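Taking it in order: structure first as structure tokens, then the write-up.
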2 protein chains.
Amino acid sequence: MPDPSPSAARAGFPVSRQVLADHVYEALLEWLMDGRLEPGAAVSIDGMARELDVSPTPVREALARLEHTGMVRRVALKGYRVAPVFTREDFAELMEARLSIEPVNARLACSRMTDEGLGALKQAVEDLKTAPRGGTFAEYRSYLEADERFHQLIAAQANNQFLLAAYNTLGGQIQRFRLFGGVGITDAEQAIAEHQAVLDAMIKGDPEKAAAMMVDHVEKVRGRAMADAPAD
Amino acid sequence: MPDPSPSAARAGFPVSRQVLADHVYEALLEWLMDGRLEPGAAVSIDGMARELDVSPTPVREALARLEHTGMVRRVALKGYRVAPVFTREDFAELMEARLSIEPVNARLACSRMTDEGLGALKQAVEDLKTAPRGGTFAEYRSYLEADERFHQLIAAQANNQFLLAAYNTLGGQIQRFRLFGGVGITDAEQAIAEHQAVLDAMIKGDPEKAAAMMVDHVEKVRGRAMADAPAD
DNA sequence: ACGCCCACGTTCCTATAGGATTTGTGCCAT
DNA sequence: ATGGCACAAATCCTATAGGAACGTGGGCGT
């Protein structure tokens, strides 16, 4: 596939070039996060290869990488499927896991916060406040993105590669649940206030308060979601 | 590759057949855990394919899956390498992460413990006590295996798929550190006593005690390792 | 009509081929 | 001796081909 304008050429420094499998990975990840690939849907290797106009080999590699995120599941000789919709139990487990990890991240992040990190966090909360919150997905996509970014930033500021990796695994699931949990954005005002409370504690430099506010936030998210979607 | 006696035939129910990539994955994982592949060593796709007598395709898929475990790292167009030796900072981060996750697992596992789980835990501690602890790797391999199994069982008994996944990511790193951390098994008696303390709390059905004992154990592991290997 | 069987298409899986890239080596000029 | 260049080998990456398994739909027999 002779690329007429290799990006390596214009930059001069390729630094970290990408291969096809990387592009495929990102495309699939985006489609999963977008909801373009619905839970339970088959993800055919050959089909995706045709869709993306590449050979099946890079698709296979990308899917192998995606499997660990829990967003697609593989059955030998049968192929990949998008992970099924969260059950009530799955959701409860996810929140339990968040409650074990995110407060720790918040405490550490508060202790180790950099100026850049704090700025980015403020920006994320600001984006949450200003993001449109319409009824269609396109309209609250940026809201979800800012929400995820806030938590991701805290995990990154905790400055621990293993905790960050652990959070990232959860993060993908959280995002997927936000999409398919059924409930729209009905709790934005409260959620924003809770995020603000975490941020305030960070600004004050009070790690314990930050952790406590994070516990509070996650517990309230759980409470609202469990109340909103009682059926299952 | 016409298998003259397909295992599917004798069992009647294949249930879950394996493909080459699965075998390659397990072989590589074993070699990594064994120390047969040393930190920093290159893991050539073509080379491994020759070694295992398969084509590069399944090797590529297995390595893609392995990358997320953190045991191998990939650089585009340059290939895979075994993750480098732990630095002191890496180790500190790993222990910090364990301290966030394992006590939670212990608390939950204690609440949700099954009879089978408790039996398996007792067995693991028993194996720890009886395992040979010679100087060569082969001689303390079963000791390491029992140690890892103990923690893995607790994570499994916590009955939370996300926490289990989070622990498993750490577990591989812990095992790798045990191999290449430099220190042999110099603290077996103390470590066994700490494991026993966790187990006792589980038997008593005291979740808080179990969590506390786990904190104690991990902190002491950290202390001993940091004291044993001051150079870096 | 209902059930069985076979042909067909789809998909997964593995091997192989070849282009692109990196790395190592030896030579040459400074 | 050191730095740069060219060439060669190893390696990665992608595409393609073909075998095997699975699912599907139509045709045939009862």
Side-chain angles (χ1 to χ4, degrees), chain A residues 1-28 31 37 40-67 72-83, chain B residues 1-28 31 37 40-67 72-83:
Chain A
M1 188 168 293
D3 190 355
S5 70
S7 63
R10 59 175 159 81
F13 259 83
V15 180
S16 172
R17 275 171 307 178
Q18 279 194 334
V19 289
L20 272 190
D22 294 330
H23 291 296
V24 175
Y25 181 89
E26 284 168 22
L28 287 176
W31 290 2
L37 291 172
V43 184
S44 148
I45 294 174
D46 291 347
M48 283 301 148
R50 281 192 298 272
E51 190 104 6
L52 297 168
D53 198 39
V54 296
S55 82
T57 311
V59 176
R60 174 175 296 275
E61 184 173 335
L63 282 171
R65 283 192 228 161
L66 270 174
E67 193 189 358
V72 299
R73 291 181 186 177
R74 166 180 164 276
V75 177
L77 298 176
K78 293 200 63 178
Y80 291 87
R81 306 191 80 83
V82 181
Chain B
M1 193 169 292
D3 189 356
S5 68
S7 62
R10 60 176 159 79
F13 260 81
V15 180
S16 172
R17 276 168 306 176
Q18 277 195 334
V19 291
L20 271 191
D22 294 330
H23 291 295
V24 174
Y25 181 88
E26 285 168 21
L28 287 175
W31 290 2
L37 291 174
V43 184
S44 148
I45 295 175
D46 291 348
M48 282 301 148
R50 282 191 298 271
E51 190 106 6
L52 296 169
D53 199 38
V54 296
S55 82
T57 312
V59 176
R60 175 174 295 276
E61 184 174 335
L63 281 171
R65 283 192 226 159
L66 269 175
E67 192 187 0
V72 299
R73 291 181 186 175
R74 166 181 164 276
V75 178
L77 298 178
K78 294 197 59 178
Y80 292 87
R81 306 190 79 82
V82 182

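This structure is a prediction, so every number in the text was calculated from the model and none was measured. In the text below, chain A, chain B and the rest are named by the order of the sequence lines, each starting its count at 1.
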Are there any protein N/O atoms within less than 3.5 Å of an N/O atom in nucleotides 8-12 of chain C, and if so, which ones and at what distance?
unit_1: C:dT11; atom_1: OP2; unit_2: A:Arg50; atom_2: NH2; d: 3.1
unit_1: C:dC12; atom_1: OP1; unit_2: A:Ile45; atom_2: N; d: 3.1
unit_1: C:dC12; atom_1: OP2; unit_2: A:Ile45; atom_2: N; d: 3.1
unit_1: C:dC12; atom_1: OP2; unit_2: A:Asp46; atom_2: N; d: 3.3

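For the pair B:Arg81 CZ and D:dC12 P, the computed distance is 10 Å after rounding to whole Å. Rounded to an integer number of Å, the gap from B:Met48 CE to C:dA15 C1' is 19 Å. For the pair A:Glu61 CD and C:dC13 P, the interatomic distance rounds to 15 Å; values are reported in whole Å. Taking atom CG of residue B:Leu52 and atom C1' of nucleotide C:dA15, one finds them 15 Å apart after rounding to whole Å.
Residues B:Ala62 and B:Val24 share a closest heavy-atom pair of CB-CG1, 3.6 Å. Summarising the geometry of A:Ile45 relative to A:Val59, their closest heavy-atom pair is O-CG1, 3.8 Å, with the distance given to 0.1 Å. Counting all heavy atoms, side chain and backbone alike, B:Pro56 lies closest to B:Asp46 at CG-OD1, 3.6 Å.
Using a 4.0 Å cut-off, no side-chain N or O of A:Thr57 falls inside it from OP1 or OP2 of D:dT14. Note on B:Ser55: every side-chain N or O is 4.0 Å or more away from OP1 and OP2 of C:dT14.
Separation of atoms CZ (B:Arg73) and CZ (B:Arg81) is listed at 12.0 Å; rounding is to 0.5 Å.
A:Glu51 pairs by the side chain to side chain donor-acceptor pair (under 3.5 Å) definition with nothing, not counting sequence neighbours. With sequence neighbours left out, the side chain to side chain donor-acceptor pair (under 3.5 Å) criterion links A:Arg65 to A:Asp22, A:Glu61.
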